[in-house]
There are 2 protein chains.
Amino acid sequence: MADASASQVLGGESLLYLTDEQLRQGIEAMFFAYRGFTADPDRILQGLSYGRAHHRAIHFIHCAPGTTVNNLLNILGVTKQSLNRVLRTLVEDGLVESRVGRADKRERHLYLTEAGDALEKQLSDAQRARMRSAYRQVGPEAVAGFKQVLEAMMDPEMQRQYQRLRENRG
Amino acid sequence: MADASASQVLGGESLLYLTDEQLRQGIEAMFFAYRGFTADPDRILQGLSYGRAHHRAIHFIHCAPGTTVNNLLNILGVTKQSLNRVLRTLVEDGLVESRVGRADKRERHLYLTEAGDALEKQLSDAQRARMRSAYRQVGPEAVAGFKQVLEAMMDPEMQRQYQRLRENRG
DNA sequence: ACTTTAAGTCAGCGTTGTTGACATTCCAAT
DNA sequence: ATTGGAATGTCAACAACGCTGACTTAAAGT
């Protein structure tokens, strides 16, 4: 049977939430929810000749001003060639400033310009509005569970980067 | 202040879980978790000249055998041209069978072949393994919260389709 | 029978991911 | 001081997968 792997009891505790059907529901929920998660920023970006890649770069530059290209690379999990194409357009369009490092002139430190900050605010306001609405509907306990599951789904390396970002903001 | 929108109390209940910082954490958690969520299938598909789009098509054809192209279109939220390219390669490679409708000959009904079922099993086994591990780590209450937040994040139309899929499987 | 609507296909384009090759610039170690 | 390695950037090519537009075929409405 499909649910054989979970149709057992361990120490008297029900494992019904681990059936293949429950897991499949979670998988589909992730799929549909991620579409909602990116829908609002996607709408804003379409027509600006920008996409999700630009949004992600702007988000993390905003969170860690002065970050290097290489650091951003690790966070975003893409190749430098891919990121470079995105950063080049953002710099050309005056949304991001790239300053040569003082201690190490090989590094480029990235900052949002005023225009970049304005777009970041527009994008994150829209995305936060949806998150806030969802959080409000379900309450703090559900939100805590939500974050626990997401964290457990990450690869260990991503988990470390996620926590590092949290720590850097208190 | 950044947290002005949530630094209030309503009816004596704390809204600290709605601060901009909490929402930002949720946004980043979604970003990193979705990478983990797709990592295993992506690994399996890479080199097969297939991608996520093929995975999604296979997943939903498996869940609703005999579904039409148009129905799949609505679930996946892409254009028929985009889906068609994916379906064409899957049919050519003998993973999906496309049968002309009997009542309405315009429609094509989609079914997985044995080979298609085998790949579906390989992909969903990998993805479920990660989900199961995450679920096990956090327990049933957290999982319930996780699903509540995801559902609240969906657009209403996606929410309906998500629930319809659940109902069709009991 | 003629028109309209719907389903599916084909062709072409844009974004964004990939790899590979290569230049530059700088730090560090010998 | 020269050499080796690391960080960055550029150019080129390619794959996956969104999109639009134009088209065929089949069903449905008048």
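Values reported hereafter were calculated over all heavy atoms of this structure, with side chains retained and with hydrogens, waters and symmetry mates removed. Below, read A as the first sequence line, B as the second, and so on, with proteins coming before strands; counting in each chain starts at 1.
The 12-atom threshold is exceeded at CD of Gln137(A), counting heavy atoms of other residues, nucleotides or ligands nearer than 6.0 Å.
Put simply, CD on Glu107(B) is 14 Å from C1' on dT5(C), counting in whole angstrom units. In this structure, CG of Leu45(B) is placed 17 Å from P of dA15(D), rounded to the nearest angstrom. Across the protein-nucleic acid pair, Asn71(A) atom CG and dA6(D) atom P stand 18 Å apart, rounded to whole Å. Nucleotide dA15(D) holds its C1' atom 12 Å from the CD atom of Gln46(B), rounded to whole Å.
Remark: Arg130(B) engages Asp155(A), Asp40(B) in a side-chain hydrogen bond (donor to acceptor under 3.5 Å, both in side chains) (not counting sequence neighbours). Shown here are the ring-ring contact (aromatic ring centres under 6.0 Å, His included) partners of Phe37(B), two or more places apart in sequence or in another chain: Tyr34(B). Scanning for salt bridge (charged side-chain N to carboxylate O under 4.0 Å, His left out) contacts around Glu28(A) gives Arg169(B), with sequence neighbours left out.
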What pattern of brackets, bars and dots sums up DNA chain D from 5' to 3', given Watson-Crick or G-U wobble pairs under 3.5 Å, [ ] for crossing pairs and | for another strand? ||||||||||||||||||||||||||||||
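Between Glu120(A) and Arg24(B) a salt bridge is recorded (basic side-chain N to carboxylate O distance below 4.0 Å). Note on Lys105(B) versus Glu107(B): no salt bridge recorded, every NZ/NE/NH1/NH2 to OD/OE distance being 4.0 Å or above.
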Is there any protein nitrogen or oxygen under 3.5 Å from a nitrogen or oxygen in nucleotides 24-27 of chain D, and what are the pairs?
residue : atom : partner   : partner atom : Å
dA27(D) : OP1  : Lys105(B) : N            : 2.8
dA27(D) : O4'  : Arg106(B) : NE           : 3.4

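Note on ring orientation: taking the six-membered ring where Trp is involved, the planes of Tyr135(B) and Tyr17(A) are parallel (angle under 30°, cut-offs 30° and 60°).
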Would you give a per-nucleotide map of nucleotides 10-16 of chain C, 5' to 3', where B means the base has a protein non-hydrogen atom under 4.0 Å away, S means only the sugar-phosphate does, and - means neither? BB---SB
